[in-house]
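Comments concern the structure below.
Order of the sequence lines fixes the chain letters, A, B, ..., with proteins taken first and strands second; residue numbering starts at 1 for each chain.
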Amino acid sequence: MAYWLVKSDPDSYSISDLQKDISTVWDGVRNYQARNNMNKMKKGDLVLVYHSNKEKAIMGLAKVIKEARQDPTTDDERWTAVDLKLEKVFNKQPDLALIKKTKGLEDIALIKQSRLSVMPITKKEYDIIMKLTK
DNA sequence: GCCAACGTTGGC
DNA sequence: GCCAACGTTGGC
């Protein structure tokens, strides 16, 4: 199983929207690298959900329930979408400042490549992040 | 609200 | 195929 982190601007789609919807189509990705990562997602993979701009924190956890397919919001066949289902909203939501100073997370793509919106997370990094939410 | 970083586009 | 111009993202 693999681990991922997706970013969302809460003004366009937030974790509380996901909480309301229960599951959602993660569409609208228009970046090749992000799309390539999304195409590698497998059913059952765990996905951390990060809010950019406002909270700048990892808000919760979702699970891949449908693997990549044509993005329904465009006819352009270059783009794909996956389906995510909410697993949980964290009580403690580690923010960017905390992530930056946490040992073991200094190489995370979230920091290294601030504009990438779908990125892989190692098991090690995932475990460290999960510890921060407790 | 500003601006740096970075991806994309298009002219040559 | 290079690179300047432009648009967007996202942290501050």
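- When rounded to the nearest whole Å, the span between OH of A/Tyr13 and C1' of C/dG10 equals 21 Å.
- Between A/Asn31 atom CG and B/dG7 atom P the separation is 7 Å, expressed in whole Å.
- Without hydrogens or angle criteria, A/Asn31 side chain to A/Ser117 main chain gives no donor-acceptor distance under 3.5 Å.
- Computed from coordinates, the A/Glu55 CD to C/dG10 C1' distance equals 14 Å when rounded to whole Å.
- Of the candidates C/dG10, C/dC12, B/dG7, the closest approach to any side-chain atom of A/Asn53 belongs to C/dG10.
- For the OP1/OP2 pair of B/dC6 and a distance below 4.0 Å, the side-chain nitrogens and oxygens of A/Tyr32 include no atom meeting the criterion.
- Nearest to the side-chain atoms of A/Lys100 among the listed nucleotides C/dG11, C/dG10, B/dG7 stands C/dG11.
- For the pair A/Lys112 NZ and B/dA4 P, the interatomic distance rounds to 22 Å; values are reported in whole Å.
- A 4.5 Å side-chain heavy-atom check between A/Thr80 and A/Asp71 finds every atom pair outside the cut-off.
- Classified by interplanar angle (parallel below 30°, tilted 30° to 60°, perpendicular above 60°), the ring pair A/Trp26/A/Tyr13 is perpendicular.
- Going from atom CZ of A/Arg30 over to atom P of B/dT8 covers 12 Å, rounded to whole Å.
- Per the geometry, CG belonging to A/Asn37 stands 13 Å off P belonging to B/dG7, to the nearest Å.
- Of the residues listed (A/Ile99, A/Leu132, A/Leu98), the one engaging A/Ile58 in a side-chain contact (heavy atoms from CB on, under 4.5 Å) is A/Ile99, and it is the only one.
- A straight line from CD1 of A/Ile111 to P of C/dC12 spans 10 Å, rounded to a whole angstrom.
- Listed pair A/Lys56 / C/dG10 fails the phosphate criterion, with no side-chain N or O lying under 4.0 Å from OP1 or OP2.
- Following rounding to the nearest Å, A/His51 (NE2) and C/dT9 (P) show an atom-to-atom distance of 16 Å.
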